[in-house]
Protein chains: 2
Amino acid sequence: MRSLTVCAAFEEEELNRLAEIVQLQRVDAHQTIFSEGDSAMNLFNVTAGTVKLYKLLPDGRRQITGFLFSGDFLGLSVNDRYAYSAETVAVTSICRFPRRQMELLLDEFPKLQRRLFSMASNELAAAQDQMLLLGRKTAREKIASFLLGLSQRAVRRGQRENPVQVPMSRSDIADFLGLTTETVSRTFTQLKANGIIRLLEGGKVQIADRRTILEIAEGG
Amino acid sequence: MRSLTVCAAFEEEELNRLAEIVQLQRVDAHQTIFSEGDSAMNLFNVTAGTVKLYKLLPDGRRQITGFLFSGDFLGLSVNDRYAYSAETVAVTSICRFPRRQMELLLDEFPKLQRRLFSMASNELAAAQDQMLLLGRKTAREKIASFLLGLSQRAVRRGQRENPVQVPMSRSDIADFLGLTTETVSRTFTQLKANGIIRLLEGGKVQIADRRTILEIAEGG
DNA sequence: CGTCCCCCTTGATGCACATCAAGGCATCTG
DNA sequence: CAGATGCCTTGATGTGCATCAAGGGGGACG
């Protein structure tokens, strides 16, 4: 029960009911949680670690549609199938909610439903930002936006905004931003050379010049 | 009241209550419905015509995040501000729901909330498809996907799937697909030359070879 | 402790699409 | 009806990022 308090931001009464149906599990890095097209049996909540969501084209081209961190939900589905695949980036802990039982709870607690809806709305807004990024930003702007985004989300989770933790590989970043690993690498190098960022140990990135990176991100 | 039946797919009891707060209005082509950042006073439902949603970068670069047709909703907001701008593509009829009153109704009719949630989920799935398109598809694949998407949505609205109605300009298509008008135009010309589509009067496009265009869209 | 492997970086080259430019055609307007 | 205007198409050229290629460094493991 106690451990459940880490299970996202729910309220007292809801928590008790959620506790009855939830299952907490730890997942190693680079493990598939579910695949696109799988029957959507569960809803998940990340409580620690990092998860990536992605879609594939038949020839293997990949688009990562989002990274999830502590507090984020995944598994919302359309007509009972997952619309994307989910894989851990690092060691991760997730809460698993059987979908059927979750739906019953939603009927019982409209507030809960409301919260989920508001989360979906936020995701939708994020998705639109990402479309703007993918369709209209340059490589440099994409990387700047990406770093800022990570930083801002870290703050919302109560972590430090700088240096930014970047737990995913260059290849994952590339597939998230619609670039190649080489371009991602070159762009990092270039931002470093400009004194805008510093690459630290353990996948951390120090934002040395926040103002400039903000300008770059917005197309300045 | 009668005219309200065109206001999307709601149920008897809900409809009566919705009728009290709704306002139907007709809007000319190329009119702004609301702008990104505006205080989100209303929720809208398109009952006829076409609307585009878009986001801008400070230097004017534009990404259209979606086109809306009869039955589609717009105006979901995060922290009371619209996350994008909305503009009519052609003459359009929309239902307007004051947001405050809509929220009260949502509390009263959980089913209504459920329906909105499911719509948001669908939009989210569509947004992820669009990310895949923007990040990883070629111009040819983008155009093929775009035409198929329009065709499929037309079917869902009960219209004919072929020829496809394409009410938006080349420039709008370009900003939706992350291309330029020139590339859109050239790609149409090329698909026409290959005998895969035919360009008809009045912005209609005949899909001559559905199988091939499907293959192209999925990266075949 | 050496070797393998993966990830990252850097360099050289190529190409898909952008940019720049111009002309056609339909619609609008005084 | 002449001129203006907006949208589309087509051609010539440019370029940002992809592709191809190779080497370096760190962690895993025998």
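Throughout, protein chains are lettered first and strands after them, A, B, ... in sequence-line order, and every chain is numbered starting at 1. All values derive from a computational prediction rather than experimental measurement.
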Which part of the nucleic acid, if any, lies within contact of A:Gly203, taking any heavy atom under 4.0 Å across all strands shown: a base, the sugar-phosphate backbone alone, or nothing? nothing
State whether B:Phe73 and B:Arg115 meet the cation-pi test: NZ (Lys) or CZ (Arg) under 6.0 Å from the six-membered ring centroid, and within 45° of the perpendicular axis. no
Report yes if a side-chain nitrogen or oxygen of B:Thr183 is closer than 4.0 Å to either non-bridging phosphate oxygen (OP1 or OP2) of C:dA18; otherwise report no. yes
Return the 5'-most residue of the pair B:Ser185, A:Thr180 with respect to DNA chain D, ranking by each residue's nearest nucleotide. B:Ser185
In whole Å, what is the span from the CG atom of A:Leu134 to the C1' atom of C:dC17? 17 Å
Can you list the steps and then say if B:Ser39 with B:Arg81 is a side chain to side chain contact (heavy atoms under 4.5 Å, CB included)? CA-CA 5 Å; B:Ser39 161; B:Arg81 302 267 160 199; 3.9 Å; yes
Rounded to the nearest Å, what distance is computed from the CG atom of residue A:Leu199 to the P atom of nucleotide C:dC8? 11 Å
Nucleotide C:dC17, atom C1' - distance to CG of A:Leu179 in whole Å: 15 Å
Heavy-atom contact window of chain B on DNA chain D, given 5' to 3' at under 4.0 Å: D:dC8 to D:dA12
Measuring centre to centre across the rings, with the benzene-like ring taken for any Trp, is B:Phe176 within less than 6.0 Å of B:Tyr54? no
How far apart are the closest heavy atoms of A:Arg136 and B:Arg61, and which atoms are they? O-NH1, 2.8 Å
Under the salt bridge (charged side-chain N to carboxylate O under 4.0 Å, His left out) criterion, do A:Arg170 and A:Glu182 qualify, and how do the steps go? CA-CA 8 Å; A:Arg170 295 287 182 262; A:Glu182 292 94 330; over 6 Å; no
Pick the nucleotide of DNA chain C nearest each of B:Arg140 and A:His30; which residue has the one closer to the 5' end? A:His30
Assign B:Thr181 to base, sugar-phosphate, or nothing according to its heavy-atom contacts below 4.0 angstrom with the strands shown. nothing
According to a strict under-4.0 Å criterion, is A:Arg170 in side-chain N/O contact with OP1 or OP2 of C:dT9? yes
To the nearest Å, give me how far apart CD (B:Gln190) and P (C:dC17) are. 9 Å
For A:Ser121 and A:Ser118, test the side chains for any donor-to-acceptor distance below 3.5 angstrom and give the result as yes or no. no
Can you name the nearest heavy-atom pair linking B:Met131 to A:Gln130, along with the distance? SD-CG, 3.7 Å
To the nearest 10°, let me know how far the axis at one end of the helix from C:dC1-D:dG30 to C:dG30-D:dC1 is tilted from the axis at the other, five pairs an end. 30°
Scan A:Ser169 against the nucleic acid and name what it touches under 4.0 Å (heavy atoms): base, sugar-phosphate only, or nothing. sugar-phosphate
What is the separation between atom CD on A:Glu182 and atom P on C:dC8, rounded to the nearest whole Å? 11 Å
A:Asn42 versus A:Arg96, side-chain donor and acceptor atoms under 3.5 Å: yes
Between B:Val166 and B:Leu147, what is the shortest heavy-atom contact and its length? CG2-CD2, 4.2 Å
Would you kindly check if the NZ (Lys) or CZ (Arg) of A:Arg153 is within the cone defined by 45 degrees around the ring axis of A:Phe69 and under 6.0 Å from the six-membered ring centre? no
Whole angstroms only, please: what is the CZ-C1' distance between A:Arg136 and C:dT19? 13 Å
Could you check how far CZ of A:Phe188 sits from C1' of C:dC7, rounded to whole Å? 14 Å
Rounded to the nearest Å, what distance is computed from the CE atom of residue A:Met168 to the P atom of nucleotide C:dC7? 15 Å
